[in-house]
Amino acid sequence: MADAHAHLSAAVNTVLGTVPADSLGVVAIHEALLSVLPGAQYAYDITLDQAKIFDTLASKLRAFKAAGGGTVVDNTGMFHGRDLPLLESLARATGVNIIASTGMGPEENLGGYFLTPQTNPPTPWPADKFADLLAQEITDGMVIPRLERRAPAGLVITEADAHGITPTEVSLFQGSARAALRTGVALSVRWGTDAHAELAHVLGEGLESNRVIVANLDRADAVAEGVPATVAAKGAYVALDHVGQNDGSYIDDAARVTLVTELIAAGHADRILLSSNAIGVAAGLTPVTLPYEFVLTEFVPALRAAGVSDADVQQILVDNPRDVLTVRGGKA
Amino acid sequence: MGKVNTVLGPVATETLGLIAFHEHIGYGMPGSELDSKWWKTPEQKYEETVPKLRAFHEYGGGTFVDATGICNGRDLDYYKSLSAKTGVHIVASTGFVGGDTALAHFAHASVEYLADQFIHEITVGIGNSGAKAGIIKVGVSRGGRMTDLDKRIYRAAARAAKLTGVAVMTHLAIDAEPAIEIFGEEGLPLDRVVFGHVDDGVNHDKSKDTWIASLGGRIGFDTFGYETELPDPPFWARPRKDRLDHFLRFIGEQGYLGQVLASADANCSPLGWPGVKGHTVNYIFEDLIPDLRAAGIDEATITTIFVDNPADFLTLHN
């Protein structure tokens with residue numbers, strides 16, 4: 001009964017409201033539209049030219065659509081430049097579905113409000129407070145700081161420190177998992193040094209593995225240890241989300257093609273997600289200027305050349321993101 | 001005598017009048033803006049703030065120095081409107097309350113970059129408001145010891161102060177040795193720095209106020225009114241008489257009247273915390289000055305504390 005209801009109302013939260021899950025089309029699931037390092041908005045040497053930002057992003061989104069793309073997920077979270085009126089206007093102007101995310105991380109990107117609160121001693125936030133803050137971004141809508149709430153978030157994101165998850169990030173991971181569990185929205189985690197141990201922090205909260213995306217699994221150290229396959233075997237989604245980025249810390253696209261074919265051969269086609277982590281407009285950080293359609297225009301032909309079937313391509317680019325982004329019945 | 005940057009432009013030092021040198025229009029930790037439990041409408045913020053500034057003006061207050069640094073909810077266009085509509089001079093600060101209130105972009109930054117940020121805000125303006133900062137805020141992070149980031153901010157502040165002539169105010173005077181060393185290395189005279197919060201309930205016994213003063217530093221007794229006698233005192237509260245006696249000792253037998261500044265560190269309309277009910281900048285007029293008079297302090301001394309000392313301190317020295 002509950003399952004039938006979930007299927008009938010299968011819907012995804014976009015910045016313009018809920019849409020039927022079947023209407024997403026090809027999804028670029030780990031991308032950034034406007035990405036602002038916390039604090040860069042106050043920097044004397046950075047100007048956020050709203051008109052120029054809109055034009056840049058609109059033309060990138062139109063190119064994505066022209067190449068067959070349907071939906072872009074902005075995975076910058078709630079404190080890294082998320083500009084909801086901008087995203088809403090872009091979605092309306094381009095016809096591309098835009099899904100915005102809630103969440104924060106790593107710890108070094110959090111505000112002092114969460115790390116050194118005005119209490120004695122200044123104990124960092126516990127998991128339940130993060131859970132409440134993040135769940136509210138879904139139940140009541142995403143915040144425009146100190147102004148108003150808009151549409152519900154479509155994804156919870158979080159990230160561990162690259163040198164190893166910190167105690168506060170453990171709280172943040174647990175709180176993010178609780179928010180996902182409570183609201184039925186999926187959770188995407190960027191791992192620091194140990195993908196399985198960090199995944200365990202969120203699964204330990206009772207979140208089902210098929211509601212979790214492990215991001216950055218095309219990192220060379222993860223691939224060397226076979227982590228993508230073992231994460232998929234656990235039932236979580238495996239995001240190979242630096243397609244087109246071929247620097248030293250990630251595997252290159254040729255190795256990505258091999259990895260995808262291996263995961264498919266191992267029966268994990270329904271766990272694979274592909275994206276590029278492009279940054280449309282960056283402030284305070286280095287932009288990643290790949291087009292949002294890079295997976296479609298460059299990587300899919302390479303997959304096909306390696307013998308990946310159309311059905312598998314459809315599964316990876318359309319069905320898997322649809323399934324993970326579909327809001328499930330939350331447990332209030 | 002000179003000039004001071006206010007949010008509505010530079011003014012002559014002689015026009016400052018009585019100065020509340022360490023106050024907040026509204027302070028919130030970075031990230032608190034994401035938590036809707038604290039949100040207030042603009043109507044509510046003005047309603048909470050304007051009567052306090054108007055009363056300050058009517059009591060004879062001239063200048064309100066806002067000690068809210070970058071990333072803590074500083075809002076220059078709002079300050080400009082408040083100043084214009086109440087007749088109170090408002091001086092805004094650049095800098096940071098402490099390293100733990102500097103967001104990632106600044107936490108990763110070099111001393112040179114931080115100095116450039118401060119210099120820009122003092123000489124060109126803050127954001128696109130056109131308003132120039134009149135003072136630099138620095139401070140010690142929670143935990144009681146200066147962090148590496150705190151030290152970079154102090155060093156950048158020293159360079160910006162030296163170049164622009166504005167003064168530096170600190171949040172906390174604990175662990176002052178590295179601060180004094182940095183100011184010395186950068187060639188900033190200590191009379192261009194006020195070491196603040198020497199009087200609060202948590203840190204007064206760890207703050208070497210007379211030692212800092214003996215080296216030439218200015219000393220801020222600037223948490224007046226945060227008293228344990230309040231119905232719901234904050235953790236940094238202190239018994240009223242203890243603080244007053246500490247202050248009287250410092251300006252009396254210890255002889256540092258010429259280096260003292262006093263303020264209430266109140267929020268007109270707090271942004272990311274509940275604030276302390278009933279505590280306003282007007283504690284200066286309603287409680288502190290009457291207490292000083294009752295203790296036998298004469299009018300000339302009161303003028304020294306609230307007019308002459310802060311005016312000399314705030315005046316651009318370059």
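Proteins come first, then strands; the chains are lettered A, B, ... in the order of their sequence lines, and each starts at number 1. No hydrogens, no waters, no symmetry mates; every other heavy atom, side chains included, goes into these values.
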*Asks:* Do other residues, nucleotides or ligands put more than 12 heavy atoms under 6.0 Å from the CG atom of B:Asn128?
*Replies:*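 Counting other residues, nucleotides and ligands, CG of B:Asn128 stays at 12 neighbours or fewer.
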
*Asks:* How long is the span from the NE2 atom in B:His120 to the CG atom in A:Asp45, to the nearest 0.5 Å?
*Replies:*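 Rounded to the nearest 0.5 Å, the NE2-CG separation comes to 8.5 Å.
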
*Asks:* Is it the backbone or the side chain of B:Phe118 that comes under 4.5 Å from a heavy atom of chain A, or both, or neither?
*Replies:*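 It is neither, since no heavy atom gets under 4.5 Å.
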
*Asks:* Atom CG in B:Asn72, atom OH in A:Tyr42: separation rounded to 0.5 Å?
*Replies:* 9.0 Å

*Asks:* Of all heavy-atom pairs between B:His105 and A:Gly284, which one has the smallest distance, and what is that distance?
*Replies:*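 Taking B:His105 first and A:Gly284 second, the nearest heavy atoms are ND1-CA, 4.1 Å.
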
*Asks:* Which one of A:Gln118, A:Gln136, A:Glu108 has the most heavy-atom pairs closer than 4.5 Å to chain B?
*Replies:*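 Most pairs with chain B among the choices: A:Gln118.
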
*Asks:* Rounded to the nearest 0.5 Å, how far apart are CD1 of B:Ile70 and OH of A:Tyr44?
*Replies:* 11.5 Å

*Asks:* Which bit of A:Leu115 comes within less than 4.5 Å of chain B, counting heavy atoms only: side chain, backbone, both or neither?
*Replies:* neither

*Asks:* Can you tell which of A:Leu285, A:Thr119, A:Val36 has the highest number of heavy-atom pairs within less than 4.5 Å of chain B?
*Replies:*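 Most heavy-atom pairs within the cutoff with chain B belong to A:Thr119.
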
*Asks:* Donor-acceptor pair, distance only, cut-off 3.5 Å: does the side chain of B:Arg142 make one with the backbone of A:Pro117?
*Replies:* yes

*Asks:* Where does B:Thr101 contact chain A at under 4.5 Å (heavy atoms): side chain, backbone, both or neither?
*Replies:* neither

*Asks:* Measuring heavy-atom distances to chain B, does A:Thr47 have an atom under 4.5 Å in its side chain, in its backbone, in both, or in neither?
*Replies:*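 Interface part for A:Thr47: neither.
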
*Asks:* Can you say whether A:Leu147 sits under 4.5 Å from chain B via the side chain, the backbone, both, or neither, judging by heavy atoms?
*Replies:*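 For A:Leu147, the contact with chain B is made by the backbone alone.
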
*Asks:* Where is the tightest heavy-atom contact between B:Leu34 and A:Met78, given as atom of each residue plus distance?
*Replies:* CD2-O, 3.6 Å

*Asks:* Quick one: what part of A:Glu137 sits under 4.5 Å from any heavy atom of chain B, side chain, backbone, both or neither?
*Replies:* neither

*Asks:* Between atom CG of A:Leu37 and atom NE2 of B:His108, what is the distance when rounded to the nearest 0.5 Å?
*Replies:* 6.5 Å

*Asks:* B:Leu103 and A:Gly111: which non-hydrogen atoms are nearest, and at how many Å?
*Replies:* CD2-CA, 3.8 Å

*Asks:* If you count every heavy atom of other residues, nucleotides or ligands that lies below 6.0 Å from A:Asp247 atom CG, does the total exceed 12?
*Replies:* yes

*Asks:* Can you tell me which portion of A:Met142 sits under 4.5 Å from chain B's heavy atoms? Options are side chain, backbone, both or neither.
*Replies:*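 Contact with chain B: none, neither part.
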
*Asks:* Could you check whether atom NZ of B:Lys162 has more than 12 heavy atoms from other residues, nucleotides or ligands sitting under 6.0 Å from it?
*Replies:* no

*Asks:* Would the distance check show the side chain of B:Glu33 and the main-chain N or O of A:Arg146 forming a donor-acceptor pair, the cut-off being under 3.5 Å?
*Replies:* no

*Asks:* Does atom NZ of B:Lys206 have more than 12 heavy-atom neighbours from other groups under 6.0 Å away?
*Replies:*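 More than 12 within 6.0 Å, yes.
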
*Asks:* Please report the interatomic distance OG(B:Ser36) to CD1(A:Ile144), rounded to the nearest 0.5 Å.
*Replies:* 12.5 Å

*Asks:* Would you please classify the geometry between the B:Trp38 ring and the A:Tyr113 ring as parallel, tilted or perpendicular, with 30° and 60° separating the classes?
*Replies:*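 Rings of A:Tyr113 and B:Trp38: perpendicular, as their planes differ by over 60°.
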
